[in-house]
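Inspection log for the structure reproduced underneath, given as structure tokens.
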Amino acid sequence: MARPQTDIEAGREQLIDIVIAMIEERGNVGFTVTELAARAGMSPASLYRYFDSKEAVIEAVAERWFRPKVEMMEEIAASDLPPRRKMYEFYARHFSHVRAMWERDPVAFATYCELGDEHFELVRGFIDLGDHYLGEIIAEAMAEGHFAGLDVDEAISLINQMTSVYTNIGVMQYLMPKLSEAKLARIIDAVFDGLSAVDRGAAAVTGLRAA
């Protein structure tokens, strides 16, 4: 008889807890399915009832790591806040959550950054999801007259570059003491007040000139 799905889910969550404990205990050191099974008190064959590969385990750890961030994005996207405030909340809540993780254990945080770099293809989907929700906010802002002359994809690319220090955890770990919600608010105001396809002179400059 098939094991109830709730038991499978509980077993998966327990194994994810163990992997996270292993990562935080010893850093970015690879583990084997056999080692994980032994730590969980089961045989490798039993472990495969929960995950069909080591990559599936790592993907599940990434899903756990991103889960609260996805929930925040969904809540913000569904809110009735005006687009400017919605975009600020989109970045500020993520920043506050990540900063708390960094403050709790900077060494473990650095390890997660390394793992994310090594397994980027496994986390790309979460990054794309973030762009999806950002695109929804941008579309709402465009309906109110912001970002003139840009399409949604251009605006996403530009805004990602302007706010990257509040989203790229690899960069954030080195700059965290210099980052703040107040600075982020100024950046978002600058985005809304100035970002457009209008050339205000910077692109027209062709070279250096003597004063």
> Please walk me through it: do E71 and R67 pass salt bridge (charged side-chain N to carboxylate O under 4.0 Å, His left out)?
Replying inline: CA-CA 6 Å; E71 291 172 353; R67 188 183 302 161; 5.5 Å; no
> L36 and F51: side chain to side chain contact (heavy atoms under 4.5 Å, CB included), yes or no, with the steps?
Replying inline: CA-CA 11 Å; L36 175 57; F51 295 103; 5.8 Å; no
> Passes salt bridge (charged side-chain N to carboxylate O under 4.0 Å, His left out), R39 versus D17? Steps please.
Replying inline: CA-CA 11 Å; R39 182 82 173 251; D17 288 340; over 6 Å; no
>> Working note: R99 + E181, criterion side chain to side chain contact (heavy atoms under 4.5 Å, CB included); need CA distance, chi angles, decisive distance, verdict.
In response: CA-CA 11 Å; R99 180 178 56 193; E181 286 85 348; 2.6 Å; yes
> Are R85 and E89 close enough, and set up right, to give a salt bridge (charged side-chain N to carboxylate O under 4.0 Å, His left out), and what steps lead you there?
Replying inline: CA-CA 6 Å; R85 181 67 189 190; E89 293 289 340; 2.7 Å; yes
> Would Y88 and L81 satisfy side chain to side chain contact (heavy atoms under 4.5 Å, CB included), going step by step from the backbone distance to the final call?
Replying inline: CA-CA 10 Å; Y88 169 75; L81 293 171; over 6 Å; no
>> Using the rule given for side chain to side chain contact (heavy atoms under 4.5 Å, CB included), can you reason through K69 versus V98, listing the C-alpha separation, both sets of side-chain angles and the distance that settles it, and then say yes or no?
In response: CA-CA 9 Å; K69 302 169 184 61; V98 172; 3.9 Å; yes
> Does the pair R12 and E63 meet the rule for a salt bridge (charged side-chain N to carboxylate O under 4.0 Å, His left out), with working shown?
Replying inline: CA-CA 12 Å; R12 285 170 60 89; E63 192 278 333; over 6 Å; no
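Linking Ile, Leu, Val, Met, Phe, Trp and Tyr whenever their side-chain heavy atoms come within less than 4.5 Å leaves V198 and L150 in two separate clusters. If you chain together hydrophobic residues whose side chains sit under 4.5 Å apart, Y174 and F95 never meet in one group. Side-chain heavy atoms closer than 4.5 Å link hydrophobic residues (I, L, V, M, F, W, Y) into clusters, and following such links, possibly through other members, connects F120 to L129. No path of Ile, Leu, Val, Met, Phe, Trp and Tyr side chains, each step under 4.5 Å between heavy atoms, connects M72 with I188, placing them in separate hydrophobic clusters. Both V33 and V57 sit in one connected hydrophobic cluster of ILVMFWY residues. Membership requires side-chain heavy atoms under 4.5 Å apart, directly or through other members.
Residues S157 and Q161 form a side-chain contact, since some pair of their non-hydrogen atoms from C-beta on lies under 4.5 Å apart. By the 4.5 Å heavy-atom criterion applied to side chains, L115 and V61 are not counted as neighbours. Looking only at side-chain heavy atoms (C-beta outward), M101 and W65 come within less than 4.5 Å of each other. With contacts defined as side-chain heavy-atom distances shorter than 4.5 Å, the pair Y50/E13 does not qualify. Residues I58 and E55 fail the side-chain proximity criterion, which asks for heavy atoms closer than 4.5 Å.
When every heavy atom of R49 is checked against every heavy atom of I8, the shortest pair comes out as O-CD1, 4.2 Å. Residue I156 comes nearest to D131 through the heavy atom pair CD1-O, 3.6 Å, listed as atom of the first residue, atom of the second, then distance. Scanning all heavy atoms of the two residues, the minimum distance from A77 to K86 falls at O-NZ, 3.4 Å. Listed here is the closest heavy atom pair of I137 and P83: CG2-O, 3.7 Å. In this structure, A60 and I16 approach most closely via the heavy-atom pair CB-CD1, 3.7 Å. Summarising the geometry of M73 relative to G130, their closest heavy-atom pair is SD-CA, 3.5 Å, with the distance given to 0.1 Å.
Between the CG atom in L47 and the NZ atom in K54 there is a gap of 12.0 Å [rounded to 0.5 Å]. Between the CD1 atom of I20 and the CG atom of L15 there is a distance of 11.0 Å, given to the nearest 0.5 Å. To the nearest 0.5 Å, the span separating CD on E136 from CD1 on I76 amounts to 12.0 Å. Here L184 contributes atom CG and M87 contributes atom CE; the two are 10.5 Å apart, rounded to the nearest 0.5 Å. Atoms CH2 and CD1, from W102 and I169 in turn, are 13.5 Å apart once rounded to the nearest 0.5 Å. Atom CD1 in I187 sits 12.0 Å away from atom CD1 in I159 (nearest 0.5 Å).
Ionic pairing of R84 and D193 is present here: one or more N-O contacts between side-chain nitrogen and carboxylate oxygen are shorter than 4.0 angstrom.
At distances below 3.5 Å, at least one donor-acceptor pair connects side-chain atoms of R200 with backbone N or O atoms of G194. Side chain of K183 to main chain of K178: a donor-acceptor pair is present (N/O by atom type, distance under 3.5 Å, no hydrogens or angles). Under a 3.5 Å cut-off, the side chain of E144 and the backbone N or O of A141 do not form any donor-acceptor pair.
Screening residues 163-173 for side chain to side chain donor-acceptor pair (under 3.5 Å), with sequence neighbours left out, gives Y91-T163.
H146 and F192 have perpendicular rings, their planes meeting at more than 60° on a 0 to 90° scale where under 30° would count as parallel.
Under the ring pair (Phe, Tyr, Trp, His ring centres under 6.0 Å) criterion, H94 pairs with no residue, sequence neighbours left out. For the ring pair (Phe, Tyr, Trp, His ring centres under 6.0 Å) test, no residue two or more places apart in sequence or in another chain qualifies with Y133.
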